[in-house]
K.L.:
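Dumping the structure here so I can ask a few things about it.
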Amino acid sequence: MPELPEVETIRRGLVKELAGLTLFGLAADESRVFRTSAAVLRTALSRAELLAVERHGKYLFLRFRNGILLLHLGMTGRLLVRNQEISHEPKKEDDSLPRHLHLRLFFEDDVVLEFWDTRLFGRVEWFPQATGPVRDLFPHLGPDPLSGEYREADFYERLKRHGGTRIKSLLIDQSFLAGLGNIYADEVLFRTRIHPARRVGGLRRFERAGLFTTIPNLLQEAIRKGGTTWRDYVNSTGGRGNFADELQVYARTGMPCRICGEPVRRLVLGGRSSHFCPRCQPRQGTFTS
DNA sequence: CACTTGACCTGTCCGC
DNA sequence: TGCGGACAGGTCAAGT
């Protein structure tokens, strides 16, 4: 489900609902989302005060005094904050969890954080004794476009190293930029009028500049709308995001382009669907800035 | 090294 | 109603 705007929306929700609370227990299943065993988690996270909720790209982190818990939602992961009293699900650590619910974190004041994931592409991992920036835990990730690490000269410099790559594939490569996924990559390319199959080396200067500014602007706009609910995504209170109304090309195959009326087309690149308008985003590029 | 493909999972939808 | 295939917002390992 979630790309940067959805993860950021969840992060803000968790800050609001969990900040400063102490975690005193957990229930976990044996699923493959766990990179750290439940026994280790249980030991590390008994009586732990939540200090901060942080994010880099699509990676979400719960910071405690004795370490950092990584939560990655993969394709279908959900994080839901519930109140114990109204939750009908297991109330004790040793009760078994319903299908697709993999982790429950019990906080004080009857607050419970639940991690659900049907497709099991998500990930839960404990980094003991981690006290530095969360970014250091994943050095192979590229800069987060909403962080101070995202800088114009560096962006152009790194684009140069991937001249033979199709721009769509590069935009969703998390080692190039952390945060864009299939939806927002397609939307960025529509807004910059760049055909997804074009090679990075063939982009013109105004197109590279357009990408640099459009990427963070689009992400911010999506965050303001609470992210995109397409199929599975919901925020930490179970609510939907409204950015789906703003999508110009993603999942609009065959529907008229909102700018020129030409039917939106779909094409597979690097195994992923790409949606674009063949008139607004010609393969050979546009000639105006 | 740069880049592509397939695997990992489950669920839904669509055509027959 | 059932069955097969295509498709799904992400990452990772293995292939060319």
Side-chain angles (χ1 to χ4, degrees), chain A residues 1-11 29-35 55-60 70-79 97-102 115-125 137-142 144 158-190 196-202 218-219 222-223 225-235 240-254 264-275:
Chain A
M1 101 200 172
E3 305 181 28
L4 188 154
E6 292 74 39
V7 177
E8 175 61 16
T9 301
I10 290 171
R11 190 194 70 78
D29 68 9
E30 308 272 287
S31 67
R32 48 172 279 130
V33 302
F34 291 99
R35 304 301 205 271
R55 183 187 61 72
H56 183 89
K58 306 170 190 170
Y59 291 66
L60 191 67
L70 158 74
L71 300 169
H72 192 290
L73 299 174
M75 209 80 121
T76 51
R78 288 181 170 187
L79 282 171
L97 297 168
R99 184 165 159 83
H100 300 147
L101 173 57
H102 307 297
F115 181 97
W116 297 75
D117 185 14
T118 53
R119 286 179 74 183
L120 296 172
F121 291 168
R123 178 166 160 188
V124 177
E125 184 168 2
L137 299 175
F138 291 91
H140 62 283
L141 290 178
D144 181 301
R158 293 185 315 110
L159 273 183
K160 274 192 200 144
R161 291 183 222 156
H162 301 277
T165 308
R166 298 182 191 280
I167 184 60
K168 167 64 186 288
S169 300
L170 189 62
L171 290 181
I172 60 174
D173 178 349
Q174 302 301 294
S175 67
F176 179 72
L177 282 182
L180 289 182
N182 215 29
I183 294 178
Y184 295 104
D186 281 0
E187 295 297 314
V188 162
L189 290 172
F190 176 80
R198 288 176 60 198
R199 309 274 176 185
V200 172
L218 178 78
L219 294 173
I223 291 167
K225 298 265 178 176
T228 302
T229 294
W230 172 235
R231 336 160 72 99
D232 302 307
Y233 168 72
V234 292
N235 64 30
R240 302 165 53 86
N242 294 320
F243 196 72
D245 301 338
E246 312 299 320
L247 297 178
Q248 305 291 305
V249 284
Y250 183 80
R252 298 192 71 247
T253 309
V264 170
R265 290 238 274 266
R266 173 179 175 273
L267 144 135
V268 176
L269 289 174
R272 313 297 301 277
S273 289
S274 290
H275 311 79

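All values below come from the heavy atoms of this structure, side chains included, with hydrogens, waters and symmetry mates left out. In what follows, chains carry the letters A, B, and so on, assigned in the order in which the sequence lines appear, proteins first and then strands, with residues in each chain numbered from 1.
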K.L.:
Can you find a pair of side-chain heavy atoms, one from E3(A) and one from L219(A), that are under 4.5 Å apart?
P.N.:
no

K.L.:
Taking only side-chain nitrogens and oxygens of R123(A), does any of them come within less than 4.0 Å of OP1 or OP2 of dC12(C)?
P.N.:
yes

K.L.:
For R161(A) and dC3(B), what is the distance between atoms CZ and P respectively, to the nearest whole Å?
P.N.:
12 Å

K.L.:
So which nucleotide from dA8(C), dC9(B), dC12(C) ends up closest to the side chain of Y59(A)?
P.N.:
dC12(C)

K.L.:
Does R266(A) make a side-chain N or O approach to OP1 or OP2 of dC7(C) shorter than 4.0 Å?
P.N.:
yes

K.L.:
Could you identify the nucleotide paired to dC9(B), looking across every strand shown and requiring Watson-Crick or G-U wobble geometry with both distances under 3.5 Å?
P.N.:
none

K.L.:
When the distance from CZ of F138(A) to P of dG10(C) is rounded to whole Å, what number comes out?
P.N.:
16 Å

K.L.:
Between L170(A) (CG) and dT4(B) (P), how many Å, whole number?
P.N.:
10 Å

K.L.:
Counting only side-chain N and O atoms of S273(A), is one of them less than 4.0 Å from OP1 or OP2 of dA8(C)?
P.N.:
yes

K.L.:
Could you identify the nucleotide paired to dG9(C), looking across every strand shown and requiring Watson-Crick or G-U wobble geometry with both distances under 3.5 Å?
P.N.:
none

K.L.:
If stacking means aromatic ring centre less than 5.5 angstrom from the base's six-membered ring centre, planes under 30°, is F121(A) stacked on dT11(C)?
P.N.:
no

K.L.:
Do the side chains of F190(A) and V264(A) get nearer than 4.5 Å, heavy atoms only?
P.N.:
no

K.L.:
Give me the distance, rounded to whole Å, that separates dT11(C) from dC1(B) when you measure between the P atoms they each carry.
P.N.:
22 Å

K.L.:
Under 4.0 Å from OP1 or OP2 of dA2(B): is there any side-chain N or O of T165(A) that close?
P.N.:
no

K.L.:
Counting only side-chain nitrogens and oxygens, does Q174(A) get under 4.0 Å of the OP1 or OP2 atom of dG10(C)?
P.N.:
no

K.L.:
Give a yes/no answer on whether the side chain of R166(A) brings an N or O atom under 4.0 Å of OP1 or OP2 in dC3(B).
P.N.:
no

K.L.:
Given dG10(C), is OP1 or OP2 found less than 4.0 Å from the side-chain N or O atoms of H72(A)?
P.N.:
no

K.L.:
Starting at CG of L120(A) and ending at C1' of dC12(C), how long is that distance when rounded to a whole Å?
P.N.:
16 Å

K.L.:
Using a distance-only test with no angle check, is there a side-chain donor-acceptor pair under 3.5 angstrom linking S273(A) and R266(A)?
P.N.:
yes

K.L.:
Identify, between R272(A) and V268(A), the residue whose nearest nucleotide on DNA chain C lies closer to the 5' end.
P.N.:
V268(A)

K.L.:
From CZ of R35(A) over to P of dT11(C), roughly how many Å is that when rounded to an integer?
P.N.:
12 Å

K.L.:
Base, sugar-phosphate, or nothing: which does G271(A) touch, judged by heavy atoms less than 4.0 Å apart?
P.N.:
nothing

K.L.:
CZ of R240(A) versus P of dG9(C): gap in Å, rounded?
P.N.:
17 Å

K.L.:
I want to verify a distance call: between dG11(B), dG9(C), dC9(B), whose nearest atom is closest to the H100(A) side chain?
P.N.:
dG11(B)

K.L.:
Round to a whole Å and report the spacing from NE2 of H162(A) to P of dC3(B).
P.N.:
7 Å

K.L.:
I want to check one thing: is the phosphate of dG9(C), taken as OP1 and OP2, less than 4.0 Å away from some side-chain N or O of Y184(A)?
P.N.:
no

K.L.:
For dG9(C) and dC3(B), measure between their C1' atoms and round to the nearest Å.
P.N.:
23 Å

K.L.:
What integer number of Å spans the P atoms of dC9(B) and dA14(C)?
P.N.:
15 Å

K.L.:
Is the ring pair Y59(A)/F138(A) parallel, tilted or perpendicular, if the boundaries are 30 and 60 degrees?
P.N.:
tilted

K.L.:
Distance criterion of 3.5 Å, no angle test: do you see the side chain of R119(A) paired donor-to-acceptor with the base of dA8(C)?
P.N.:
yes

K.L.:
Should the ring pair F115(A) and H102(A) be called parallel, tilted or perpendicular, given that the plane angle runs from 0 to 90° and is split at 30 and 60?
P.N.:
tilted

K.L.:
Just N and O in the side chain of R231(A): are any of them under 4.0 Å from OP1 or OP2 of dT10(B)?
P.N.:
no

K.L.:
When the distance from CG of L269(A) to P of dG9(C) is rounded to whole Å, what number comes out?
P.N.:
13 Å

K.L.:
Does the side chain of R166(A) come within less than 4.5 Å of R199(A)'s, by heavy atoms?
P.N.:
yes

